[in-house]
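Hydrogens, waters and symmetry mates are skipped; everything else that's a heavy atom, side chains included, is used.
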Amino acid sequence: MTTIITTVANQLVALSNNGVITGTDITHVAGSPDILLAGGHTYFVTHSVNMTNNTPPAMFLTLNGAPVQLWIYDYC
């Protein structure tokens, strides 16, 4: 399912729906921008964003409010 969201700079993006979440170590309430991860684990996070303007994307993931430094960003 695809949902179109219009955002402005530095705005958290509320995720309207969930894919498959198995187990209890990852939780997300649909409509919230927060995804909660249980401590003591290593996670692989992947996401996809389609942009409709010609501005280079300026997006980032955060962990406890701080930008995640070790992630790969690639766009065409």
Side-chain angles (χ1 to χ4, degrees):
M1 175 178 201
T2 300
T3 302
I4 297 173
I5 301 171
T6 301
T7 64
V8 297
N10 298 313
Q11 175 185 358
L12 297 175
V13 177
L15 305 171
S16 62
N17 50 31
N18 293 320
V20 176
I21 298 176
T22 303
T24 59
D25 291 338
I26 302 172
T27 57
H28 173 257
V29 175
S32 168
D34 300 319
I35 298 171
L36 305 177
L37 307 174
H41 301 281
T42 300
Y43 295 93
F44 175 81
V45 176
T46 182
H47 68 286
S48 175
V49 175
N50 294 317
M51 304 184 107
T52 59
N53 62 20
N54 293 322
T55 305
M59 57 190 175
F60 54 90
L61 302 176
T62 62
L63 177 62
N64 297 327
V68 175
Q69 298 298 316
L70 299 174
W71 70 298
I72 298 170
Y73 172 72
D74 182 25
Y75 76 98
C76 299

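- The number of heavy-atom neighbours closer than 6.0 Å to CG of L12, taken from other residues, nucleotides and ligands shown, is 12 or below.
- Transitive grouping of hydrophobic side chains (ILVMFWY, heavy atoms separated by less than 4.5 Å) brings Y43 and L15 into a common cluster.
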Under 3.5 Å, which donor-acceptor pairs link side chains of residues 26-34 to any protein atom two or more places apart or in another chain?
| unit_1 | atom_1 | unit_2 | atom_2 | d |
| --- | --- | --- | --- | --- |
| H28 | ND1 | N18 | OD1 | 2.4 |
| H28 | NE2 | S32 | O | 2.7 |
| S32 | OG | D34 | N | 3.0 |

